[in-house]
Amino acid sequence: MLDINLIVNNTKYVHDALLKKGFDVDFKNVIELYNKRKDLIVKNDELKTEKNKLSASVPVVKKQGGNIQEIFEKVKDLNKKIDEYDAELKKVEEDIRNFLSPLPNMPDDDLLPGEKENNKVIKEFGKKPEFNFKAKDHVELCESLGLIDYERAAKISGRGTWLYTGLGARLEWALLNYFIDTHINDGYKFILPPHILNEESGYTAGQFPKFKQDVFWLEGTEPKKFILPTAETALVNIHRNEILKEENLPEKLFAYTPCYRCEAGSYRTEERGMIRGYQFNKVEMFQYATEKNSKQSFEELVDKACKLVERLGLHFRLSKLAAGDCSHSMARTYDVEVWIPSMGIYKEVSSASNANDYQARRGNIRYKDKETGKIKYCHTLNASGLATSRVLPALVEQCQNEDGSVTIPEVLRKYMGGIEKIYPINK
RNA sequence: GGAGAAGUACCCAAGAGGUCGAAGGGGCUCCCCUGCUAAGGGAGUAGGCUUGUAAAAGGGCGCGAGGGUUCAAAUCCCUCCUUCUCCGCCA
């Protein structure tokens, strides 16, 4: 949620910022509503003051034997007007909210406007692996190594799903354990949240109203509930409607959950295998920060995401996204993109973002400033750390050998009983 | 799923229609006393949103949430949420 005061006082700035995200917003109406709201409050409060005074005088007048009925009538008249103002005020505030809530976050000043074409690669890590044999793609490799069973997954669930089998499941679990252990060592608190969330949680995260179509809704729940599309949705809501202490910030969390997404009609032929699915595993990092330290938190999250991939020995790059390619709720996003040799492209394995106070405003998540004692909105940040469904394909493809085997990265071996290589199974 | 009980400030808790922003503790801050500690004594400290203003003063709203009754609601009524206890059902 954007700050209405900023919109009123600095309209052009906000307008131009949103323009970078491709939103040309006319604020004239909200500003009018905003002024109308103030006007109503002032007038209404005057009436309420009068009413309160009259009401409070009743016991006194009664004692003195004065005319109470007269006061009752006066207050009744006042109440009529107050009710009218209250109703009008409620409507105006609802209108303001309805206007603001679908608007995206403002991008940070240093972001380039526009979409993907303006993303900038900041850094490349490692080198593209060169194969002096015919390299296989991950779908073929996973099948020949017995890691993934797509056909039976389709049978029991449907397309867009897969079954980790045997060493495939162990490899997946090893990745998750590797991520989890790393975060614990870095002092992040491990959270296992519920996967079924209420609608307000989606709203606070900024995913609703925009992405209501993209999550799975449960039937028969009242009030309505949905299955989380990312652990971020749960994590950002932990402190909803709370005032945190500055000395406890930044609060660093991480969670493991599967992510459930409708992704309706988004399949492309290139996205075979597990590049895009209805359910994938992800470890998510999250920080509640102050406005002062959120930049530092962001750097830390980006660095952590990079290190995770780096220690797997994979070739990848880090990109700074242009304003229009940042998530709806985010002021700034860097993507960690891993090289998928068969596709000849880089695919996102981590998206590190700073929402600034956008989500905090929606969820009323605040902290008390130690020095001034003032209440301020938190900054919220998240970064995948990491999503396995892109890492595993990259890993098997980048680490494949001529004999069809795949070498397990060093850091994962302790989670896999010391296995160094996975060999093709004989059918 | 059924039946009960409860939700008041940082915490515990009083309050049962009018002067209640809300007693009393605890905590916290400062001071005194004791060689130090434990203990004791004194004083202070009550949130948040909003309006208003140069800043203030002042005002409005807040006792789980939302409605209602009333001239007047923490207090009465309704709905919902949450927590606890008991019973049932089920992995």
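Lettering of chains follows the sequences in order, A, B, ..., and the numbering in each one begins at 1.
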Base-pairing mate for [N] - Watson-Crick or G-U, with both contacts under 3.5 Å:
N: B/G66; value: B/C78
N: B/A23; value: none
N: B/G15; value: B/U8
N: B/G1; value: B/C87
N: B/G40; value: B/C32
N: B/C61; value: B/G48

- Query: Is the A/W173 ring parallel, tilted or perpendicular to the A/Y256 ring (thresholds 30°, 60°)?
  - Reply: perpendicular
- Item | Whether A/H183 and A/Y188 hold their rings parallel, tilted or perpendicular, with breakpoints at 30° and 60° | tilted
- What residues 231-238 of chain A contributes to the RNA chain B interface at heavy-atom separation below 4.0 Å is none
Tell me: [atom1] of [X] to [atom2] of [N], nearest whole Å?
X: A/E200; N: B/A65; atom1: CD; atom2: P; result: 14 Å
X: A/I243; N: B/A9; atom1: CD1; atom2: C1'; result: 12 Å
X: A/D83; N: B/C71; atom1: CG; atom2: P; result: 12 Å
X: A/K76; N: B/U69; atom1: NZ; atom2: C1'; result: 12 Å
X: A/L78; N: B/U70; atom1: CG; atom2: C1'; result: 15 Å
X: A/N364; N: B/G47; atom1: CG; atom2: P; result: 17 Å
X: A/I82; N: B/U70; atom1: CD1; atom2: C1'; result: 14 Å
X: A/R361; N: B/G48; atom1: CZ; atom2: C1'; result: 16 Å

- Taking only residues two or more places apart in sequence or in another chain, which ones pass salt bridge (charged side-chain N to carboxylate O under 4.0 Å, His left out) with A/K116? A/D325
- Item | Contacts of A/F190 that satisfy ring-ring contact (aromatic ring centres under 6.0 Å, His included) - sequence neighbours left out | A/F254
- Message: Test of understanding: with ring-ring contact (aromatic ring centres under 6.0 Å, His included), list the residues that count as partners of A/F179, not counting sequence neighbours.
- Response: none
- Message: Applying ring-ring contact (aromatic ring centres under 6.0 Å, His included) as the test, list every pair that has at least one member in residues 211-249 of chain A; sequence neighbours left out.
- Response: A/F208-A/W217, A/F208-A/F226, A/W217-A/F226, A/H239-A/Y288
- Message: Give me each pair satisfying ring-ring contact (aromatic ring centres under 6.0 Å, His included) with a member in residues 10-51 of chain A, each pair once, sequence neighbours excluded.
- Response: none
- Query: Under 6.0 Å from the NZ atom of A/K225, do we count more than 12 heavy atoms belonging to anything else shown?
  - Reply: no
- Message: Check the phosphate of B/G67 against A/K90, side-chain N and O only, distance under 4.0 Å to OP1 or OP2. Yes or no?
- Response: yes
- N or O in side chain of A/N79 less than 4.0 angstrom from B/A72 OP1/OP2: yes
- Item | B/S/- contact track for nucleotides 50-60 of chain B, protein heavy atom under 4.0 Å | SSS------BS
- Message: One character per nucleotide, please: for nucleotides 16-23 of chain B, 5' to 3', B when the base has a protein heavy atom closer than 4.0 Å, S when only the sugar-phosphate does, - otherwise.
- Response: --BB----
Please collect all salt bridge (Lys or Arg N to Asp or Glu O under 4.0 Å) contacts where either partner lies in [range], sequence neighbours excluded, each pair once.
range: residues 13-28 of chain A; answer: A/K12-A/D16
range: residues 163-174 of chain A; answer: none
range: residues 353-365 of chain A; answer: A/D3-A/R361, A/D357-A/R361
range: residues 45-55 of chain A; answer: A/K48-A/D86

With [atom1] as the reference atom in both, quote the distance from [N] to [M] in angstrom, rounded to an integer.
N: B/A38; M: B/C31; atom1: P; value: 16 Å
N: B/C80; M: B/G2; atom1: P; value: 11 Å
N: B/A22; M: B/G62; atom1: P; value: 15 Å
N: B/U69; M: B/C76; atom1: C1'; value: 8 Å
N: B/U37; M: B/G21; atom1: P; value: 43 Å
N: B/A74; M: B/A23; atom1: P; value: 15 Å
N: B/G42; M: B/G48; atom1: C1'; value: 32 Å
N: B/A14; M: B/A6; atom1: C1'; value: 16 Å

- Identify, between A/K51 and A/I375, the residue whose nearest nucleotide on RNA chain B lies closer to the 5' end. A/I375
- Can you tell me if A/N237 uses its side chain to pair, donor with acceptor, with the backbone of A/S201 under 3.5 Å? yes
- Could you pull out the closest heavy-atom pair between A/N105 and A/A355, with the gap in Å? ND2-O, 2.8 Å
- Task: Please work out whether B/G60 sits syn or anti, treating a glycosidic angle within 90° of 0 as syn.
- Result: anti
- Give A/K368 one of three labels, base, sugar-phosphate or nothing, depending on what nucleic acid heavy atoms sit under 4.0 Å from its own. sugar-phosphate
